[in-house]
Amino acid sequence: MILHILNRSPGGSLVYRDALASMGPDDRLLLIEDGVQGALPAQVRHFEPVLDRLFALREDLVSRGLEGRCDEAVQVVDVDGFVELTEEADKTVSWF
Amino acid sequence: MAQSDPPGELLVILRHAPHGSSWLREGLDAALVAAAFGQSVTLLFQGEGVMALLEGQDSGALGQKGTSATLEMLGMYDIESLYVDAAALARFGLTRDDLLLAAEPLEAADTPAILAAHPQVLVF
Amino acid sequence: MRYALLVQGAPYSQQASHSALRFAMALPERGHRLDSVFFYHDGVYNAARLAAPPQDEPHLPDAWRELHERHGTELLVCIASALRRGLLDEREAARHGKEGHSVEPPFELTGLGQLIELGRRCDRLVTFPP
């Protein structure tokens with residue numbers, strides 16, 4: 001299982017499409033930095049194929065005022081949870 | 001995997017076109033160094049990275065180095081496992097005949113297996 | 001586990017350095033060891049000795065130094081990326097006939113081979129791109 005890390009918003013960059021196309025059936029996707037904008041209910045449809053494996057970093061949501069606006073399908077993790085996701089994965093791949 | 005060779009140790013995904021930024025060059029540098037250190041390296045030209053493979057590139061107006069000379073040296077470093085994003089080629093209206101290297105077109109459906117097969121993946 | 005980080009974003013221009021630092025600080029608390037941080041591309045500016053951010057902003061070069069002092073984390077700076085951007089330690093400054101130097105220990109200028117070696121030696125290599 002690979003942890004994919006995405007720091008770009010689907011509203012501003014198409015890199016998310018290549019990230020999604022590169023994901024295997026068990027791989028997970030973590031949204032960080034501007035990527036957390038993808039966790040908004042109006043944006044989360046872009047991640048439809050991986051909604052059951054979609055995570056977002058809490059502190060990047062909080063600093064942007066988005067924590068309470070996150071779609072309920074998204075699993076919000078703090079930085080310890082980020083570390084834990086890297087533990088559970090065989091490797092990580094960061095997209096930008 | 002689309003080819004019968006055993007998968008490499010390092011997959012370098014190149015997603016940036018030449019000249020506009022140094023990502024392509026720096027990604028290739030990482031690949032060459034890894035190969036020089038004895039790792040077997042696979043390259044995947046993805047998205048705008050497919051532009052790196054176009055024939056007829058040149059240096060910049062101020063003499064900025066391009067990357068096509070580096071690409072021609074890949075064989076000397078035993079980097080022979082080359083893939084190109086088939087969907088991106090089509091998006092830019094390119095075919096295999098436009099490419100300066102014989103890279104194997106990779107369909108989106110086959111991409112996850114390539115990533116899974118390499119213990120280390122770097123994206124540039 | 002043994003971790004290494006690859007930082008490729010410029011400090012104060014992109015969030016990458018802050019994200020990497022936060023991740024780095026969380027590792028020991030979960031029982032991991034951060035072997036090394038490798039700075040590549042614009043990430044090399046994290047090693048700028050003369051960085052003088054306003055006092056009410058995080059001081060990234062100092063924060064990396066503190067990480068080194070507390071946990072022995074190596075701070076490796078890609079020499080090819082650094083020299084092009086005017087980041088030279090005393091030895092390189094002398095070699096290139098420059099009067100001042102802009103990188104000092106614990107940051108070390110080193111080759112890309114170190115990054116490849118980290119990938120092989122560490123259990124996890126996590127990249128923080130721009």
Side-chain angles (χ1 to χ4, degrees), chain A residues 1-20 22-23 26-39 55-67 76-96, chain C residues 1-43 46 56-58 60 63 67 71 73 78 81 115-130:
Chain A
M1 186 270 287
I2 301 176
L3 175 67
H4 298 259
I5 302 167
L6 179 64
N7 72 352
R8 292 287 199 278
S9 161
S13 163
L14 295 180
V15 61
Y16 77 91
R17 292 188 187 171
D18 285 333
L20 288 176
S22 303
M23 288 179 67
D26 300 319
D27 289 359
R28 294 168 169 175
L29 181 63
L30 171 66
L31 307 175
I32 68 167
E33 303 176 359
D34 288 346
V36 300
Q37 290 161 26
F55 299 81
L57 187 60
R58 185 186 311 279
E59 52 194 52
D60 287 339
L61 289 165
V62 170
S63 61
R64 289 164 175 78
L66 299 180
E67 194 188 16
V76 177
V77 295
D78 56 19
V79 71
D80 287 338
F82 181 0
V83 175
E84 198 174 340
L85 286 170
T86 67
E87 292 165 11
E88 291 168 359
D90 305 319
K91 58 186 176 256
T92 64
V93 177
S94 300
W95 301 90
F96 67 104
Chain C
M1 285 189 207
R2 296 174 75 177
Y3 276 73
L5 307 186
L6 170 59
V7 178
Q8 307 195 106
Y12 306 109
S13 303
Q14 275 113 11
Q15 205 188 324
S17 306
H18 295 103
S19 299
L21 190 61
R22 277 290 291 146
F23 187 86
M25 295 188 307
L27 284 173
E29 290 174 24
R30 286 194 57 85
H32 302 302
R33 172 178 164 74
L34 179 58
D35 265 35
S36 307
V37 182
F38 192 94
F39 299 96
Y40 194 39
H41 202 267
D42 285 347
N46 279 282
D56 59 353
E57 284 183 29
L60 288 163
L67 197 74
H71 304 290
T73 299
C78 172
S81 298
L115 171 63
I116 304 305
E117 181 55 34
L118 287 177
R120 188 155 30 191
R121 187 177 79 204
C122 293
D123 301 302
R124 296 287 183 277
L125 171 64
V126 184
T127 301
F128 291 88

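Below, chain A is the first sequence line, B the second, and so on; all start at residue 1. Since the structure is predicted, the reported quantities are computational estimates derived from the model, not experimental observations.
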### Message
Side chains of C/His18 and A/Glu33 only: does a donor on one sit below 3.5 Å from an acceptor on the other?
### Response
no
### Message
Suppose the criterion is salt bridge (charged side-chain N to carboxylate O under 4.0 Å, His left out): which pairs have a residue in residues 8-20 of chain C, not counting sequence neighbours?
### Response
none
### Side-chain touch A/Asp60/C/Gln15, heavy atoms, less than 4.5 angstrom
yes
### Interface moiety of A/Glu87 toward chain C, non-hydrogen atoms closer than 4.5 Å
both
## Note on the structure
Closest non-hydrogen contact found for A/Thr86 with C/Arg124 is O-NE, 2.7 Å
#### Entry: Region of C/Leu6 in contact with chain A, defined by heavy-atom distances below 4.5 Å
neither
### Message
Applying ring pair (Phe, Tyr, Trp, His ring centres under 6.0 Å), can you list everything that pairs with C/Phe128, at least two apart in sequence or on another chain?
### Response
C/Phe23
## Note on the structure
Residues of residues 89-96 of chain A with a heavy atom under 4.5 Å from any heavy atom of chain C, in residue-number order, are A/Ala89, A/Asp90, A/Thr92, A/Ser94, A/Trp95, A/Phe96
### Message
Tell me whether C/Arg22 contacts the main-chain N or O of A/Val79 through its side chain, where contact means a donor paired with an acceptor under 3.5 Å.
### Response
no
## Note on the structure
Checking heavy-atom separations under 4.5 Å from chain C, one finds in residues 3-11 of chain A A/Ile5, A/Asn7, A/Arg8
